[in-house]
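The chains referred to below are lettered A, B, ... by the order of the sequence lines, with proteins before strands, and numbering in each begins at 1. In this text the structure is predicted, and so the values were computed from the model without any measurement.
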Amino acid sequence: MSTRARDILVPLACLAVLALVPLVATESYTRHLFIIAFIYGIIASNWNLSLGHCGVFNFGHLTFFGVGVYTAAIAAKTFGINPWIAIWLGGVTAAFAAFLIATPVARLKGIYVVLVTFAFSQLAMQLVLSQSQITGGAEGMVRIPFMRIGDYSFVRDYKLGYYYVGLGLLVLSTLFLLAVINSPFGKSLKAVRDAEDYAESRGISVSTQRILVLVLSAVFTGVAGGFYAIYLRVASPEVFGFGTLALALSMVLIGGTGTTYGPIAAALALTFATESLAGIRGLEEARFIIVAVAMILVLRLAPGGLLGLLNRLKI
Amino acid sequence: MIETLLAALVSGLVLGSLYALMASGLSVVWTTLGVFNFAHGALMMVGAFVAWTVSEAAGLGLLTGIAAGTLVAALLGVLIERLLVRPFYGHRSMLLITVMTTLAAMIILEKGAQIIWGARLKQLPRLIDGEVSILGATISAHEAVLVGLAPLILFAIWRFTLKTRTGRSLRAVGQNQNSAALIGIDVPVAFAIAFGLSAALAGLTGALLGSIRFITPVMGAEPLVKAMIVVIFGGLGSLGATAGAAYLIGLIEALLIVWLGLYWTPFVLFLMMIIVLVFRPNGIFGGKE
């Protein structure tokens with residue numbers, strides 16, 4: 001099989017399998033895990049756009065997700081906007097938040113990028129906690145309106161509707177990422193990552209590319225956040241915490257930075273792994289330790305991620 | 001009005017002392033190894049829990065507890081350097097990788113502490129009971145000890161890096177590893193010392209803070225974020241600039257709390273940080289890199 005055929009056929013086969021999963025997984029818990037995995041897949045693969053493809057040390061990626069969560073929650077619950085529209089508003093505000101933070105970050109180098117983006121996520125959490133009359137503060141927001149078409153509620157049929165909305169968003173996000181990465185703009189991102197000075201000498205504006213890549217990586221992350229809020233019907237400040245950050249980061253690392261499908265595959269694998277660990281008594285907290293150890297081992301033994309390792313072995 | 005202002009100044013001094021101790025530890029590791037230790041706040045938390053276990057649960061006294069907390073944190077720091085930092089030395093994207101490995105260390109320490117000590121709030125007794133009046137503003141004697149101790153410790157670190165052979169070897173390694181190795185400095189040992197010293201500082205800070213705030217698995221997160229703001233203001237390069245920025249931020253924060261209240265203060269601090277960075281990417285006191 002040629003590489004080109006493999007790059008198209010393998011993902012399509014995976015998609016076909018995922019589309020048929022609800023036939024086998026008929027109860028709502030397994031479907032729930034898949035939906036959460038799709039959401040994490042969107043977060044991780046979009047984070048990979050800035051971190052892996054452009055080399056921006058953005059540690060505030062979950063902020064974009066959180067902005068999406070709260071935008072959709074407030075839009076749907078406080079303003080009564082249709083949830084179908086509310087989740088896309090999450091993408092808009094997340095992109096705007098990304099633009100706000102990207103402007104100062106684009107001028108910075110090395111560790112200062114990490115510090116500022118990280119501090120930004122902490123600030124967003126502070127803001128959510130302090131504006132409790134709007135956001136519900138530490139308790140968060142509950143009973144957010146759910147999705148429906150006509151009289152059909154998406155909560156029915158063991159979450160069948162939500163499963164396909166989640167999968168559909170993952171597909172859209174992936175097509176979007178592929179289009180960005182394969183465009184001339186995507187190639188200039190790699191140039192900025194691998195040879196900053198040379199890229200600059202060829203007329204690529206490093207700071208403009210950094211701003212653009214952060215904004216683009218925020219769009220579907222925010223939409224995923226909006227969907228998360230509508231699906232779970234809850235918005236809590238936990239989304240800004242270290243736990244979610246570490247889980248998403250481990251998906252990027254284990255899946256392989258700079259690959260397109262790696263983080264999505266890792267998101268599926270890790271969601272099921274951590275959820276099944278959570279079911280074992282006494283491991284509810286320890287599962288985060290296991291994920292952290294796995295992250296260290298991957299960095300140590302397979303820096304390209306597990307998918308990168310497979311590619312190198314020509315499997 | 002004057003009284004409120006004086007009270008704010010004194011509470012700013014307490015905050016500044018705390019941030020100075022935290023941020024100087026980060027600075028020691030950064031100047032020697034070029035690594036930003038995300039687990040620094042978690043090491044602080046471990047210091048507080050160990051101090052509590054030795055002093056309260058085992059009943060061996062507060063001073064023994066503080067010493068034990070400092071020692072355990074130092075040992076953990078050396079362990080983190082050995083296992084999570086050293087394997088990546090000389091790697092092309094070492095800065096990013098060590099951010100991620102120390103972040104993983106932070107998760108392991110926080111969740112580990114939650115499993116070992118549980119989520120129930122704990123607190124240490126105070127070193128000295130009673131209150132002290134400074135400029136008409138009253139703080140607890142324990143906070144006064146913290147305020148008095150911080151400059152002494154900072155002075156000691158400064159003398160150590162300037163005057164002792166070991167301290168100078170740390171600076172030499174920070175400037176040029178290869179040259180340092182050529183003149184007979186054991187580079188790995190220097191790394192271990194820098195990490196151990198920094199972690200000991202974190203542990204001591206945690207043990208002292210455990211009498212003022214509640215000891216919880218996540219108690220290190222907020223001081224770490226504040227220490228980050230401090231090093232962004234001051235630049236990571238020199239101990240003096242970091243300490244100066246720590247006191248400045250402490251004072252600004254205390255004044256902002258009086259002026260705007262607790263909720264808006266972090267927001268304004270962050271905005272100030274962004275403005276500083278746009279005009280001085282290496283910090284207010286930082287020179288060119």
Are Phe288(A) and Ile108(B) close enough that some pair of their side-chain heavy atoms sits under 4.5 Å apart?
-> no
Top of Val218(B), Val225(B), Leu96(B) for chain A proximity - count of heavy-atom pairs under 4.5 angstrom | Leu96(B)
In sequence, state the C-alpha distance, the side-chain angles, and the governing distance for Leu299(A) and Phe88(B), and then conclude on side chain to side chain contact (heavy atoms under 4.5 Å, CB included).
-> CA-CA 9 Å; Leu299(A) 282 168; Phe88(B) 305 104; 4.1 Å; yes
Side chain to side chain contact (heavy atoms under 4.5 Å, CB included) between Ile296(A) and Leu83(B): does it pass, once the steps are laid out?
-> CA-CA 10 Å; Ile296(A) 294 167; Leu83(B) 293 178; over 6 Å; no
What option among Val114(A), Val116(A), Thr103(A) has the most heavy-atom pairs under 4.5 Å with chain B?
-> Val116(A)
One should read off an interatomic distance between Arg300(A) CZ and Thr101(B) OG1, to the nearest 0.5 angstrom, of 10.5 Å
Just wondering, more than 12 heavy atoms not from Glu238(A) lying within 6.0 Å of its CD?
-> no
Find out whether Met100(B) and Phe59(A) are in side-chain contact, i.e. whether some heavy atom of one side chain is under 4.5 Å from a heavy atom of the other.
-> yes
Among Ile290(A), Leu123(A), Val105(A), single out the residue with the greatest number of heavy-atom pairs under 4.5 Å to chain B.
-> Leu123(A)
Within a reach of under 6.0 Å around CG of Asp197(A), are more than 12 heavy atoms found that belong to other residues, nucleotides or ligands?
-> no
Using non-hydrogen atoms and a 4.5 Å limit, figure out which bit of Leu115(A) sits close to chain B: side chain, backbone, both or neither.
-> both
Heavy-atom count around Phe96(A) CZ within 6.0 Å, excluding the residue itself: above 12?
-> no
Roughly how far, to the nearest 0.5 Å, is the CH2 atom of Trp264(B) from the CD atom of Gln126(A)?
-> 11.5 Å
Do the non-hydrogen side-chain atoms of Met228(B) and Phe118(A) ever get within less than 4.5 Å of each other?
-> yes
d(Ile101(A) CD1, Phe270(B) CZ) to nearest 0.5 Å is 4.0 Å
Using a cut-off of 6.0 Å, state whether more than 12 heavy atoms not belonging to Arg171(B) lie near its atom CZ.
-> yes
Engaged part of Ile97(B) at the chain A interface, taking heavy atoms whose separation is under 4.5 Å | both
Atom group of Phe120(A) that falls short of 4.5 Å from chain B, counting heavy atoms | both
Would you say Ile111(A) and Val231(B) make side-chain contact, with heavy atoms under 4.5 Å?
-> no
Based on non-hydrogen pairs under 4.5 Å, which of Ala119(A), Ala286(A), Gly55(A), Ala246(A) is most in contact with chain B?
-> Ala119(A)
